Amino acid sequence: MSENIRIVKLLNTPEAGGEYTVAGWVRSTRASGDIVFIVLNDGSNLSGIQLVLERNDIPDFERFSKIATGTAIQANGRLVPSPAAGQQYELAVIKLKIVGESNPDYPLQKKRHSFEYLRSIAHLRPRTNTFGAMFRLRSKLAQAIHRFFAEHDFLYVHTPIITASDCEGAGELFRVTTLPPNSAPRNEGGSIDFGQDFFAQKTGLTVSGQLEGELFAQAFGNIYTFGPTFRAENSNTARHAAEFWMIEPEMAFSDLHDDADLAEEFVRYLCRFVLNDCAEDMAFFDQYIEKGLIERIRTVAEADFARMDYGDAIKYLQKANTNFNFPVEWGLDLQTEHERYITEQVVGGPAFVMNYPKDIKAFYMRQNDDARTVAAMDLLVPKVGEIIGGSQREERLELLERRIGDMDIPREPLWWYLDSRRWGSTPHAGFGLGFERIIMYLSGMENIRDVIPFPRTPRHAEF
RNA sequence: UCCCCAGUAGCUCAGUCGGUAGAGCGGGUGACUGUUAAUCACCAUGUCCGUGGUUCGAGUCCGCGCUGGGGAGCCA
């Protein structure tokens, strides 16, 4: 590490007077006669630090008064109280070194840019205020998530990225293969012979770590995964990406209500965390991205989440004075417009919808005694919609096997999953939370492509 | 994949009835002893997304394509 001090640390220095060296990238240069102001940002905070250059104090003054936006510099000077409004301290520069030149072609101007434009220069956008705040938040949130589970004694398990189970029912897989694309070996029938592939079977990138997570829960009690997840769906929306990160806890000896309890505590923990530990960046989001964000998050951090049965949600929707585009009827899945009505109009905050009809849910969900619903839950939040999907899992071998049969799912590849119900099976439950979706919810950002450093969506894998 | 909207200067956009393009910001130059997206003055900048058509004439109208955005489905 260099002798440079991080700007965020320097600005937290209790008193001025010392001599320091900072290094970063120029955000703005303002020259006025014999004095030049440079806003320098090193990524450690939002504001950066104001450098002050005076003609009499610094050699090469003329040259430095024309430093272009984007230039990488290292500056040495004295930390002094700022005589002007806008900042507490500034750095009275004695020595300045240009580390990497920039020029007027630098695509980031001293003005607001649209998110669409910034997506086209994703390699440079982390140097903007919004994306600086965004990726600091993302980093800290990831660490907070690990801390939450560590504090609750959950085991962190790395489930495989490459998987052979394409029957998880969570979406299209990206294929993983080393077979030559134009001359793949064929069976007699003409289909591709995956027996000759690297893994001697058809494999893809994981769409969920849940099934493997369940196996670990049956040994460690409480576990979680937190890793990349891939869906090859041709989804073109503000909240879908082909590559995203998912958090999937799984708890043995637990039911659906324990599951919702965990989800609620988890989301509330993250709300409190960003308010307390990301205050400067959150204030920025509150001012420029979503007015009232902080108040909204504070409310969520304090309130209990609503819980309602799917059946009751249907009743609310049928009573609603709204013309929905899609029919509302017991047995049909809730559409986005319905979910939004529930969370935004009925509840006005986060809401769990629980116990869905079994016919619209995955095979592994636990069948309720009413024989027509399963112990599933979705957590819906205003603006983002579904942020968590979870369930209690079917732990009874016989019922699980029957369900697999009813749904025509090949059972052979799932032999190990079924084995977990054979010896020492326990009631257990878990959920999946999209990392990007919680970031969107907590920051007010409305497009998933703006909360991922280099997003992968259909037709986009540049950078 | 479906529906809708858009593509004009580096960026954000305006462009009337079809008559060969303009503003703000950004940039350059100069002025200014403390600025906060500094201010003031002056200066420069275009494959009007591509392609085919209609027309005396197309940024403008029509077809096709490409790209981007919004919504839906899939879901986290």
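So that the names make sense, note that chain A is the first sequence line, chain B the second, and so on, each numbered from 1. Note that this is a predicted model, so its numbers are computed, not measured.
- Of the two residues near RNA chain B, Lys66(A) and Glu386(A), the one whose nearest nucleotide lies more 5' is Lys66(A).
- The interatomic distance linking Asn234(A) (CG) with G71(B) (P) rounds to 16 Å, in whole Å.
- A 3.5 Å limit on both hydrogen-bonding distances identifies G50(B) as the Watson-Crick or G-U partner of C64(B).
- Annotation: U54(B) and G18(B) have their C1' atoms spaced 11 Å apart (nearest Å).
- With rounding to whole Å, Asn325(A) atom CG is found 9 Å from A72(B) atom C1'.
- The stretch residues 137-152 of chain A does not touch RNA chain B, since none of its heavy atoms comes less than 4.0 Å from the strand.
- Comparing G15(B) with A9(B), their C1' atoms are spaced 14 Å from each other, to the whole Å.
- In this structure, Arg112(A) places its CZ atom where only 12 or fewer heavy-atom neighbours from other residues, nucleotides or ligands lie under 6.0 Å away.
- Using a 4.0 Å heavy-atom criterion, one finds that Pro104(A) contacts the sugar-phosphate atoms exclusively.
- Using P as the reference atom, C40(B) and G57(B) are 47 Å apart when rounded to the nearest Å.
- The residue among Asp378(A) and Glu446(A) whose nearest nucleotide of RNA chain B is located toward the 5' end is Glu446(A).
- Between Phe435(A) and Phe226(A), the angle of the ring planes goes over 60°, which puts this pair in the perpendicular group of the 30/60° scheme.
- Base pairing of A72(B): its partner is U1(B), meeting the Watson-Crick or G-U wobble criterion (both donor-acceptor distances under 3.5 Å).
- For C74(B), its base sits under 3.5 Å from the side chain of Ser235(A) at one donor and acceptor pair at least.
- Glu151(A) CD: more than 12 foreign heavy atoms inside a 6.0 Å radius.
- Taking the C1' atoms as reference points, C56(B) lies 37 Å from G24(B), given to the whole Å.
- Contacts of Gly33(A) with the nucleic acid, taken as non-hydrogen atoms under 4.0 Å apart, include base atoms.
- With salt bridges taken as basic N to acidic carboxylate O contacts below 4.0 Å, none links Arg136(A) and Glu280(A).
- Contacts of Ile388(A) with the nucleic acid, taken as non-hydrogen atoms under 4.0 Å apart, involve only primed sugar atoms and P, OP1 or OP2.
- Using a 4.0 Å heavy-atom distance criterion, Arg55(A) is classed as making no nucleic acid contact.
- A gap of 10 Å separates the C1' atoms of G22(B) and U8(B), to the nearest Å.
- Using a cut-off of 4.0 Å between Lys/Arg side-chain N and Asp/Glu carboxylate O, Lys361(A) and Asp378(A) are scored as salt-bridged.
- Between A14(B) and G7(B), the distance separating the two C1' atoms is 15 Å to the nearest Å.
- Judged by Watson-Crick or G-U wobble contacts below 3.5 Å, the nucleotide A21(B) has no partner.
- Rounded to whole angstrom, the span from the CE atom of Met440(A) across to the C1' atom of C75(B) amounts to 13 Å.
- Tyr417(A) and Phe363(A) have perpendicular rings, their planes meeting at more than 60° on a 0 to 90° scale where under 30° would count as parallel.
- The distance from atom NZ of Lys110(A) to atom P of U35(B) is 15 Å, rounded to the nearest whole Å.
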### Message
Using a 4.0 Å heavy-atom cut-off to protein, can you give one letter per nucleotide of nucleotides 5-15 of chain B, 5' to 3': B if the base is in contact, S if only the sugar-phosphate is, - if neither?
### Response
-----BBS---
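- One atom, OH of Tyr106(A), and another, P of C25(B), lie 22 Å apart when rounded to the nearest Å.
- Residue pairs meeting the salt bridge (Lys or Arg N to Asp or Glu O under 4.0 Å) criterion with at least one member in residues 113-126 of chain A, sequence neighbours excluded: Arg119(A)-Asp450(A), Arg125(A)-Asp450(A).
- Nucleotides C2(B) and C62(B) place their C1' atoms 24 Å apart, quoted to the nearest Å.
- Summarising the geometry, the separation between CD on Gln87(A) and P on U35(B) is reported as 11 Å, rounded to the nearest angstrom.
- Here Asp105(A) lies out of heavy-atom contact (under 4.0 Å) with every strand.
- Look at Glu386(A) and Arg239(A) and you find no salt bridge, because none of the NZ, NE, NH1 or NH2 atoms lies under 4.0 Å from a carboxylate O.
- Enclosure of atom OH in Tyr316(A) is not indicated, since only 12 or fewer non-hydrogen atoms of other residues, nucleotides or ligands lie within 6.0 angstrom.
- Taking atom C1' in both A21(B) and U60(B), one finds a spacing of 12 Å when rounded to whole Å.
- Surrounding CZ of Arg340(A) are at most 12 heavy atoms belonging to other residues, nucleotides or ligands under 6.0 Å away.
- A salt bridge links Glu395(A) to Arg366(A): one of the charged nitrogens lies within less than 4.0 Å of a carboxylate oxygen.
- Contact annotation for Ser82(A): base contact, defined as any heavy-atom pair under 4.0 Å involving a base atom.
- For Arg268(A) and Asp304(A), the salt-bridge test passes: some basic side-chain N is under 4.0 Å from an acidic carboxylate O.
- Across all strands, Glu436(A) comes closer than 4.0 Å to no nucleic acid atom at all (heavy-atom distances).
- Listed pair Arg449(A) / G69(B) meets the phosphate criterion, a side-chain N or O lying under 4.0 Å from OP1 or OP2.
- Among the heavy atoms of the strands lying under 4.0 Å from Glu90(A) is at least one base atom, whether or not backbone atoms are also near.
- Residue Gln335(A) is in sugar-phosphate contact alone, with no base atom involved, counting any heavy-atom pair closer than 4.0 Å across all strands shown.
- With a 3.5 Å ceiling on both atom-pair distances, the Watson-Crick or G-U wobble partner of C40(B) is G30(B).
- Atom CD in Glu54(A) sits roughly 13 Å away from atom P in U35(B) (whole-Å rounding).
- For U20(B), the glycosidic angle deviates from 0 by 90° or less, giving a syn base.
- Across the protein-nucleic acid pair, Leu334(A) atom CG and C75(B) atom C1' stand 14 Å apart, rounded to whole Å.
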